[in-house]
Amino acid sequence: MKPAVPGTEALSGRIDALLPQTQCRQCGYPGCRPYAEAVARGSADINRCPPGGDDTIRELARLTGASIKPLDPACGTPAPPAVAVIDEEACIGCTLCIQACPVDAIAGATKLMHTVIAAECTGCGLCIPPCPVDCISMAETGESVTAEERRRRALNYRGRYTARTARLEREHSERRGAPRENAAERRKRATVERVMQRARQRLQKRGTKTE
């Protein structure tokens, strides 16, 4: 691993503060903070954020001293504000969209209907590809968002993304630390399952005889 360049961490924090925090990954990085760190290191250009568009490019150029340039078309194009919408009648409750959402803006549980918390949705669209029944789409909100409102939303999105990341790390740590089932417990569970299976078979035979 390369040693950190003096001042890089502070600069990446200032860059991150200018990003829209949609966590959409269109820049080619797994989130806004990793992209900010790459820009601070000089390994990524300032024009790779479609949700931020020209305004963010100008702000990053002012901060870093880089030249203003058009948005890199390989990363996508700016789009109007939008939120994910789930066709609740078609939803099968697979939870894949919940797992994909970077800010926990989808509510639901296994085999139960899911719904998007519109006020918290960043419009990243990451929930669409994993949906096995194509019941998710993006709907434009039609709103005109001020610079102040964009900053407020970015702060909220960052907070939710940070909280989700911490939760996932905590759950992963708890799973690793959970005691594993030993051989005796596995044999006991297998025995119980066999007994239950035989009991179900006897009940089925009994029901067949009485018909």
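A donor-acceptor pair under 3.5 Å links the side-chain atoms of Arg158 to the main chain of Asp16, judged by distance alone. Put simply, the side chain of Arg150 gets close to the backbone of Val145: a donor and an acceptor are under 3.5 Å apart. At distances below 3.5 Å, at least one donor-acceptor pair connects side-chain atoms of Gln23 with backbone N or O atoms of Cys32. A donor-acceptor contact shorter than 3.5 Å links the side chain of Thr146 to the backbone of Glu149. Between the side chain of Asn47 and the backbone N or O of Pro70, at least one donor-acceptor pair lies under 3.5 Å. In terms of modelled atom types and a separation under 3.5 Å, the side chain of Thr56 and the main chain of Gly53 share no donor-acceptor contact. Panel note: side chain Thr165, backbone Tyr161; a donor-acceptor pair is recorded below 3.5 Å. Within the 3.5 Å criterion, the main-chain N or O of Cys121 finds a donor-acceptor partner in the side chain of Tyr157. At least one donor-acceptor pair under 3.5 Å links the side chain of Thr122 to the backbone N or O of Thr22.
If you chain together hydrophobic residues whose side chains sit under 4.5 Å apart, Val83 and Ile106 never meet in one group. Both Ile15 and Tyr29 belong to a common hydrophobic cluster when Ile, Leu, Val, Met, Phe, Trp and Tyr are linked at side-chain heavy-atom distances under 4.5 angstrom. Follow the hydrophobic side-chain contacts under 4.5 Å out from Leu126 and you never reach Leu96; the two are in separate clusters. A chain of hydrophobic side-chain contacts below 4.5 Å, direct or via other Ile, Leu, Val, Met, Phe, Trp or Tyr residues, connects Leu71 to Leu19.
His114 places a side-chain heavy atom less than 4.5 Å from the side chain of Cys97. Counting heavy atoms from C-beta on, the side chains of Val39 and Leu60 never come closer than 4.5 Å. Taking 4.5 Å as the limit, some side-chain heavy atom of Cys75 sits within range of a side-chain heavy atom of Pro50.
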Start with the C-alpha distance between Asn156 and Glu120, add both sets of side-chain angles, then the distance that settles side chain to side chain contact (heavy atoms under 4.5 Å, CB included), and finish with yes or no. CA-CA 8 Å; Asn156 179 54; Glu120 309 296 351; 2.7 Å; yes
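Residues Arg41 and Thr8 have side chains that never bring a donor and an acceptor to within less than 3.5 angstrom of each other.
Within 6.0 Å of CD on Glu171 lie more than 12 heavy atoms contributed by other residues, nucleotides or ligands.
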